[in-house]
Amino acid sequence: MTVEVIMTTPEHLIGEMAKICYATKQLEDGGKDITSTIVHDYKHLASLRFAYATVTLEGISVACQNQIVRSSHLSFMVQSKRYVSADKGEFQFIMPENISSSHQWVLKENWDNSIALYQSLLATGMKKEDARAILPANTSTKMNISGNLQGWLSFFKLRLSSKAQTEIRNVAKEIWNQLALHFPLVLTDNLYKEYTECKH
């Protein structure tokens with residue numbers, strides 16, 4: 001699984017946008033960036049709607065993708081299994097973590113059989129959009145995800161939780177790590193700890 005940040009809003013603009021709500025003289029504290037104060041002390045998360053981040057994500061399963069797209073405040077572009085062919089090596093099988101070798105063998109056999117059947121269906125003239133019905137949920141996919149930081153926080157709060165499924169939790173951790181490089185005043189270690197220890 002790989003995550004690449006495509007574009008972000010400069011972090012200092014979060015504080016700049018929020019100043020309109022407050023007496024900036026009291027908040028600026030000698031001209032410092034007020035983003036941390038606004039977000040973490042005042043809990044004014046609406047200011048995060050003025051900062052955006054877009055990432056591209058590869059090497060995840062369709063099952064994981066289906067969980068990600070439930071995030072109602074983010075936007076998505078997803079690899080189409082209607083137009084992209086599994087028979088040309090575009091797809092791989094994403095093996096679940098922490099399962100026994102015997103279970104891995106069963107899943108690998110099922111994957112190989114699914115690909116063979118997919119190829120035979122295409123050979124008989126079936127359209128890709130119909131043949132994809134045979135592909136398992138852990139077929140690999142890729143997607144672009146974009147949204148404002150308040151939407152991303154909602155995603156992180158849900159998917160970093162210890163109750164989240166392993167694959168999507170790993171995805172959320174990697175996206176967090178990448179975005180924290182761009183938004184260190186928002187995506188703090190304390191907030192990460194809060195979200196990862198959340199049990200909902």
Side-chain angles (χ1 to χ4, degrees), residues 1-8 52-148 151-181 195-196 198 200:
M1 176 261 298
T2 59
V3 173
E4 181 182 358
V5 177
I6 302 302
M7 56 185 170
T8 62
Y52 288 81
T54 299
V55 303
T56 187
L57 182 58
E58 295 190 24
I60 63 166
S61 69
V62 171
C64 182
Q65 170 200 284
N66 289 343
Q67 295 178 72
I68 294 173
V69 297
R70 292 179 188 149
S71 303
S72 57
H73 300 293
L74 299 175
S75 297
F76 315 96
M77 293 292 288
V78 176
Q79 183 185 55
S80 172
K81 299 296 182 285
R82 182 179 182 187
Y83 298 109
V84 180
S85 295
D87 62 324
K88 294 180 180 176
E90 289 284 342
F91 306 149
Q92 303 297 321
F93 182 75
I94 305 300
M95 188 65 69
E97 293 185 28
N98 305 318
I99 62 173
S100 69
S101 57
S102 60
H103 287 153
Q104 290 182 32
W105 184 86
V106 170
L107 293 178
K108 178 68 166 55
E109 282 291 299
N110 181 66
W111 169 250
D112 291 341
N113 291 336
S114 296
I115 288 296
L117 183 53
Y118 177 89
Q119 291 171 339
S120 68
L121 291 172
L122 292 183
T124 61
M126 182 178 280
K127 295 178 181 178
K128 286 181 250 185
E129 62 188 68
D130 297 322
R132 64 180 170 172
I134 202 66
L135 298 174
N138 270 40
T139 301
S140 65
T141 192
K142 58 183 75 171
M143 63 192 304
N144 297 324
I145 313 170
S146 186
N148 65 51
W152 278 111
L153 284 192
S154 178
F155 167 79
F156 289 133
K157 187 174 184 179
L158 183 63
R159 300 308 183 181
L160 287 173
S161 165
S162 60
K163 295 291 186 181
Q165 184 258 348
T166 301
E167 185 184 7
I168 196 167
R169 190 167 67 247
N170 289 339
V171 167
K173 286 178 180 178
E174 184 58 28
I175 295 175
W176 175 286
N177 290 338
Q178 295 291 329
L179 291 185
L181 299 175
Y195 286 176
T196 53
C198 186
H200 61 69

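Numbers for residues simply follow the sequence, beginning at 1.
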*Asks:* Under the rule for side chain to side chain donor-acceptor pair (under 3.5 Å), what residues qualify as partners of T139, not counting sequence neighbours?
*Replies:* none
*Asks:* What's the spacing between S101 OG and I99 CD1 if we round to 0.5 Å?
*Replies:* 9.5 Å
*Asks:* Say whether, by atom type as modelled, one donor and one acceptor occur between the side chain of N113 and the main chain of E109 under 3.5 angstrom.
*Replies:* yes
*Asks:* Is the backbone of Q67 close enough, under 3.5 Å, to the side chain of R159 for a donor and an acceptor to pair up by distance?
*Replies:* yes
*Asks:* Are K81 and F91 packed together at the side-chain level, in the sense that at least one heavy-atom pair is separated by less than 4.5 angstrom?
*Replies:* yes
*Asks:* Looking only at atom types and distance, does a side-chain atom of N138 sit under 3.5 Å from a main-chain N or O of S61, one as donor and one as acceptor?
*Replies:* no
*Asks:* For M95, does the CE atom sit with more than 12 other heavy atoms under 6.0 Å from it, leaving out its own atoms?
*Replies:* yes
*Asks:* Under 3.5 Å, which donor-acceptor pairs do the side chains of residues 168-175 form with other protein atoms, sequence neighbours left out?
*Replies:*
unit_1, atom_1, unit_2, atom_2, d
R169, NH1, A164, O, 2.5
N170, ND2, E97, OE2, 2.8
N170, ND2, T166, O, 3.4
E174, OE2, Q178, NE2, 3.0

*Asks:* Can you tell me how far the OG1 atom of T2 sits from the CD atom of E58, to the nearest 0.5 Å?
*Replies:* 4.5 Å
*Asks:* With sequence neighbours excluded, tell me which residues meet ring pair (Phe, Tyr, Trp, His ring centres under 6.0 Å) with W111.
*Replies:* F93
*Asks:* Quick one: pull up OH in Y118 and CZ in R132 and give me the separation to the nearest 0.5 Å.
*Replies:* 9.0 Å
*Asks:* Should M1 and E167 count as side-chain neighbours, where that means a heavy-atom distance under 4.5 Å?
*Replies:* no
*Asks:* Excluding sequence neighbours, so at least two apart, what forms side chain to side chain donor-acceptor pair (under 3.5 Å) with H73?
*Replies:* none
*Asks:* Do F76 and L74 make a side-chain contact, defined as non-hydrogen atoms from C-beta onward lying under 4.5 Å apart?
*Replies:* yes
*Asks:* Could you work out, with salt bridge (charged side-chain N to carboxylate O under 4.0 Å, His left out) as the rule, every residue matching D130, not counting sequence neighbours?
*Replies:* none
*Asks:* Let me confirm one number: the CG-CG distance from L107 to D112, rounded to the nearest 0.5 Å.
*Replies:* 11.0 Å
*Asks:* Measuring only between side-chain heavy atoms, which start at C-beta, is F156 closer than 4.5 Å to L179?
*Replies:* yes
*Asks:* Is the closest side-chain heavy-atom distance between T56 and K142 below 4.5 Å?
*Replies:* no
*Asks:* Do you know which two heavy atoms are closest between Y52 and N148, and how far apart they sit?
*Replies:* CD2-N, 3.6 Å
*Asks:* Quick one: side chain to side chain donor-acceptor pair (under 3.5 Å) partners of N177, sequence neighbours excluded?
*Replies:* none
*Asks:* Rounded to the nearest 0.5 Å, what's the gap from CD1 on I115 to CG on L135? Could you check?
*Replies:* 5.5 Å
*Asks:* Measuring from atom CD1 of I94 to atom SG of C64, what distance do you get when rounded to the nearest 0.5 angstrom?
*Replies:* 9.5 Å
*Asks:* Within the structure provided, determine whether V5 and L181 are in side-chain contact (heavy-atom separation under 4.5 Å).
*Replies:* no
*Asks:* Do the side chains of V55 and W152 get nearer than 4.5 Å, heavy atoms only?
*Replies:* yes
*Asks:* Heavy-atom distance under 4.5 Å between the side chains of I68 and I60, does that happen here?
*Replies:* yes
